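Here the structure is laid out as structure tokens; the discussion comes afterwards.
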Amino acid sequence: MGQKKHTNLWLEFMVIAASIVALMLLVYFVVIVSFQNGAQSTNVTMRVAGQIAASIFGDPSNEQVETVSLMIRYGAHVALFFVVGLVTAFVSMVICRHYFRIIGILASGVICYGLAYYTEYYKQFIEGRHFQMSDVALNWYGSLAGIICMTVSYFLNRLLVKLSS
């Protein structure tokens, strides 16, 4: 019995460590993407937007390419921070147990909002970039959706386990 408990503690430690490392790598990726200079970021987005607009419209106008570029930018904010919220909520649920999970979920919300604001705030110090509160909101909504998704899936899983017993 003692050996099994020792193995479970080791496995639990490994899951926590791997989760934290994955979260740190994700945050590093978010910061690197956020801190590209304005010309480089715009060139990548416009090139992709041009390809997508060409496949949709055939011979797109500049306005159509700009609209697709805006949708890509908004979608990237929401999607990237959805993953951040999902992973942050997962890590908080792994670390915080039992009744402390609520505190962990609230802490993941605070961390995600801080990251959403921080990545936008520091863009104003990068050449060709600027701070936009609407981007902070997009980042936060994406994070919030990820946190909610992870929390709902956890409680649904607990409910299904309880019902199957």
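Predicted model only: the values in this text are computed from it and were never measured.
A 4.5 Å side-chain heavy-atom check between Met24 and Val21 finds every atom pair outside the cut-off.
For the atom pair OH of Tyr113 and OG of Ser143, the computed distance is 11.0 Å after rounding to the nearest 0.5 Å. The structure places OG of Ser19 at 7.5 Å from CD1 of Ile95, a figure rounded to the nearest 0.5 Å. For the atom pair CZ of Arg73 and CD of Gln132, the computed distance is 5.0 Å after rounding to the nearest 0.5 Å. The CD1 atom of Ile147 sits 7.5 Å away from the OG atom of Ser92 when rounded to the nearest 0.5 Å. For the atom pair CZ of Phe81 and CH2 of Trp140, the computed distance is 11.5 Å after rounding to the nearest 0.5 Å. The NE2 atom of His130 lies 14.5 Å from the CZ atom of Phe125; values are rounded to the nearest 0.5 Å.
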Worksheet entry | Criterion side-chain contact (heavy atoms from CB on, under 4.5 Å) on Asn139 and Glu120, from CA distance to verdict | CA-CA 9 Å; Asn139 294 348; Glu120 289 302 318; 3.6 Å; yes

Discussion item. side-chain contact (heavy atoms from CB on, under 4.5 Å), that's the test. Do Leu86 and Cys149 meet it? Break it down for me.
Written reply: CA-CA 7 Å; Leu86 202 69; Cys149 187; 4.1 Å; yes

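The side chain to side chain contact (heavy atoms under 4.5 Å, CB included) test applied to Tyr154 returns Met93, Arg101, Arg158, not counting sequence neighbours.
Within 6.0 Å of the CG atom in Asn62, the count of heavy atoms belonging to other residues, nucleotides or ligands does not exceed 12. Other residues, nucleotides and ligands contribute at most 12 non-hydrogen atoms within 6.0 Å of the CZ atom of Phe100. At most 12 heavy atoms of other shown residues, nucleotides or ligands fall within 6.0 angstrom of atom CZ in Phe90. Residue Phe131 qualifies as enclosed at atom CZ: its count of foreign heavy atoms under 6.0 Å is above 12.
Grouping the Ile, Leu, Val, Met, Phe, Trp and Tyr side chains by contacts below 4.5 angstrom, directly or via other members, places Met71 with Val78. No chain of hydrophobic side-chain contacts below 4.5 Å, direct or via other Ile, Leu, Val, Met, Phe, Trp or Tyr residues, connects Leu70 to Ile56. Linking ILVMFWY side-chain heavy atoms closer than 4.5 Å, directly or via other members, places Val84 and Met150 in a single hydrophobic cluster. Residues Tyr118 and Tyr28 fall into different hydrophobic clusters, defined by Ile, Leu, Val, Met, Phe, Trp and Tyr side chains chained together at heavy-atom separations under 4.5 Å. By the criterion of side-chain heavy atoms lying less than 4.5 angstrom apart, applied directly or through intervening Ile, Leu, Val, Met, Phe, Trp or Tyr residues, Val15 is not grouped with Leu25; the two fall into different hydrophobic clusters.
Formation of a donor-acceptor pair under 3.5 Å by the Ser69 side chain with backbone atoms of Val65 is not found in this model. Distance alone, capped at 3.5 Å, is enough to place a donor-acceptor pair between the Gln124 side chain and the Tyr121 backbone.
Exactly one residue among Asp135, Thr119, Val136 makes a side chain to side chain contact (heavy atoms under 4.5 Å, CB included) with His77. That residue is Asp135.
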Pairs of donor and acceptor atoms involving the side chains of residues 42-52, under 3.5 Å and at least two apart or interchain, shall be tabulated with distances.
from: Thr42; atom 1: OG1; to: Gly38; atom 2: O; distance (Å): 2.8
from: Asn43; atom 1: ND2; to: Ala39; atom 2: O; distance (Å): 3.2
from: Thr45; atom 1: OG1; to: Ser41; atom 2: O; distance (Å): 3.0

